[in-house]
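Data block below; observations after.
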Amino acid sequence: MKPEKIRSIIEGLLYLTGEEGVLIEQINKVLPECTPQEIIHSVTRMKQEYEANESSGLMIADFPNGYRLTTKPFIAKYAERFAVIPKAAPLSQAALETVAIIAYKQPVSRIAIEEIRGVKSERALQTLVVKGLIKEVGRAEGSGRAILYGITPVFFDYFGLHDLSELPPLSEIMRDQNEQIDAYDLFYDQYKETIKDL
Amino acid sequence: MKPEKIRSIIEGLLYLTGEEGVLIEQINKVLPECTPQEIIHSVTRMKQEYEANESSGLMIADFPNGYRLTTKPFIAKYAERFAVIPKAAPLSQAALETVAIIAYKQPVSRIAIEEIRGVKSERALQTLVVKGLIKEVGRAEGSGRAILYGITPVFFDYFGLHDLSELPPLSEIMRDQNEQIDAYDLFYDQYKETIKDL
Amino acid sequence: MEYKVKIDAFEGPLDLLLHLIKKFEIDIYDIPVAEITDQYLDFIHHMQKLELNIASEYLLMAATLIAMKSRMLLPRPELSTGEENDTYEDPEQAREALMQQLIDYRKFKDAAATLKNNEQARLQLFAKPASDLTAYEHNDLKNMPLSGRATVGDMVRAFQRLLLRVKLEKPLNTKIDRQILPIGQQMTSVMQKLKTADHALSFKNICPYPDRTHLIVTFLALLELMKMNAIVCLQKDNFDDILINLGEGADHFEAGENSFNY
């Protein structure tokens, strides 16, 4: 099959599947005559073409083992003029901290999470479960048989990650003190937003 | 605004509106700085580009006063192959939405389902009936005598439920939604009206 | 000392401690227990004076800090040879533990910041809902494998996506509903279509846009055009498609964009 044809079929599938996206494996079932490598190669090129094409409002976003056709970030502004796009409310700070702990330490119990955060985390866990970002992955041994949590494929999708290796290693964050302080400043700026003269 | 930018924004809108399509007038509201002529000119060029581009699986179809991004006819064959791939979740989004509405709202007519979903649901209903997940449970009163649908024992079997009380309460499903909108959404009241009936 | 930060801004006592450490440029690897305790208590007292509810976690941390501080002021008891004193808690160890806890927490807080950036980027990307491919599916019971079937979770998520989508479309329709119905514009558009086609068109051809407002506006536009003799409507039999063609008055047709607004 000609590369042009392969590309056009993949593009068609990307359009049809929209926000659900399509897995390399599924593309392969539609195009059994291609190897996964050819498919990945074709999508990678298409991705670069979209990106380089100033007059295109589309791009290809990754998720684990698959791809999704989306609008480029700058389109968001115009899409919002078009319709009130439900702004998926970003996760709360509590939920972000909780899911970060789970991503690095899974499988992990609520108690272990609360020990690290120093506060109750039940609500944050509940939100994350409902959003499908985490799930019960087992039970701890011992008398309590506490629920252990792990992240789900939705986690990767939600944060636009391929796999956990794309997260900065925790140890590295440790090593570079200066960087850490910069990151901390980011948080401080957020605090300032809530500042009110008492 | 540069023609490239205009094109990219229109392309983004065409993609987001998918099968529904978008009216020139709607594009014009997003791009008030452009004349309808400029918009039509831009789409016409885009249309020619898509058509001439052998390696693209997409095309732009006209409808009165508007346009629709769709797949080229030859993609149908591959869409068919894609549709029959056993999915991790073998029910389509359309079927899942429909069966969820029936489970929560039964007995319910096709019209009522379509009002909630905002799209035609005949195919999804047909699929669900054939799969045995739903069945006709009666007729509505009144002139139309519309068919009313309800879920079947196969539904419970399929979703591993004993009875309907095991489904998460609607209020819980919507709480997450409401949390997302609360602060942001101007149309919150309307939204509540939409879901109140569910 | 001024307190301009509300306790709500903190995720808990550890977060508050990290804030104080940063604010007073304290070396996290060598925390002066007395100083941090005083600052922490000072903060908590201010919050209490303002009758703000302080979660129990904050008070627990206050108690821990006070205990640590007081123990550091006391001389270390002499251990009698051969006998470990189990009840004695080494304040140095407690300080180490707190330091470790703060460092660990800060790591995850930083990781959360990374995730937040990712989230922000991701929330900027929009995609259309998946196309309904049921038309291509074979409605075959055998096609419904027992393994890997949809879960209640799948159904609930599908339902939530539906609710979001309904919300996405609702305001759009509302916007169209609210605008003044541009019947004049629709009349012009119908005339243009008929002139371009140069033959009779069905109502479906003239208004295939499946939107109720649109149908109504188009219908009203047709009625106006009929009144002006700009078009004629033909129907062969009952329930046949109505065909619309240009009428005698077509050449005199002129409608301002804003006329006939209801």
Among the options [options], pick out the one with the most heavy-atom pairs lying under 4.5 Å from chain C.
options	value
A:T17, A:L167, A:I101	A:I101
A:L91, A:I75, A:V99	A:L91
A:G160, A:S92, A:A94, A:A103	A:A94

What residues of residues 44-73 of chain A sit under 4.5 Å from chain C when you count only heavy atoms? A:M59, A:A61, A:R68, A:L69, A:T70, A:T71, A:K72, A:P73
Gap separating the CD1 atom of A:I10 from the OG atom of A:S42, nearest 0.5 angstrom: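 One gets 4.0 Å once the value is rounded to the nearest 0.5 Å.
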Contacting region of [X] [heavy-atom separation from chain C under 4.5 Å]:
X	value
A:Y15	both
A:E166	neither
A:K105	side chain

Between C:H19 and C:F10, what is the ring plane arrangement, given parallel below 30°, perpendicular above 60°, and tilted in between? tilted
Audit row: C:D104, C:K107, salt bridge (Lys or Arg N to Asp or Glu O under 4.0 Å) steps and yes/no: CA-CA 5 Å; C:D104 279 349; C:K107 279 193 293 189; 3.3 Å; yes
State, to 0.1 Å, how close C:L14 and C:L102 come at their nearest heavy-atom pair, and which atoms those are. O-CD2, 3.6 Å
Just by modelled atom types, is the A:R145 backbone N or O under 3.5 Å from a matching donor or acceptor in the A:R139 side chain?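 Yes, because the side chain of A:R139 sits within donor-acceptor range (under 3.5 Å) of the backbone of A:R145.
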Does A:E97 reach the main-chain N or O of C:A112 with its side chain, forming a donor-acceptor pair under 3.5 Å? no
side-chain contact (heavy atoms from CB on, under 4.5 Å) between C:L17 and C:L98, worked out: CA-CA 10 Å; C:L17 278 175; C:L98 179 66; 4.2 Å; yes
Shorter than 4.5 Å, heavy atoms on both sides: which option in C:A127, C:A121, C:G12, C:P13 has the most such pairs with chain A?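 Most pairs with chain A among the choices: C:A127.
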Show the numbers, then the answer: is there a side-chain contact (heavy atoms from CB on, under 4.5 Å) between C:L115 and A:Y158? CA-CA 10 Å; C:L115 289 180; A:Y158 186 83; over 6 Å; no
Hey, are C:Q120 and C:Q124 close enough side-chain-wise for a donor-acceptor pair under 3.5 Å?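 No, because no side-chain N or O of C:Q124 sits under 3.5 Å from a partner of the opposite role on C:Q120.
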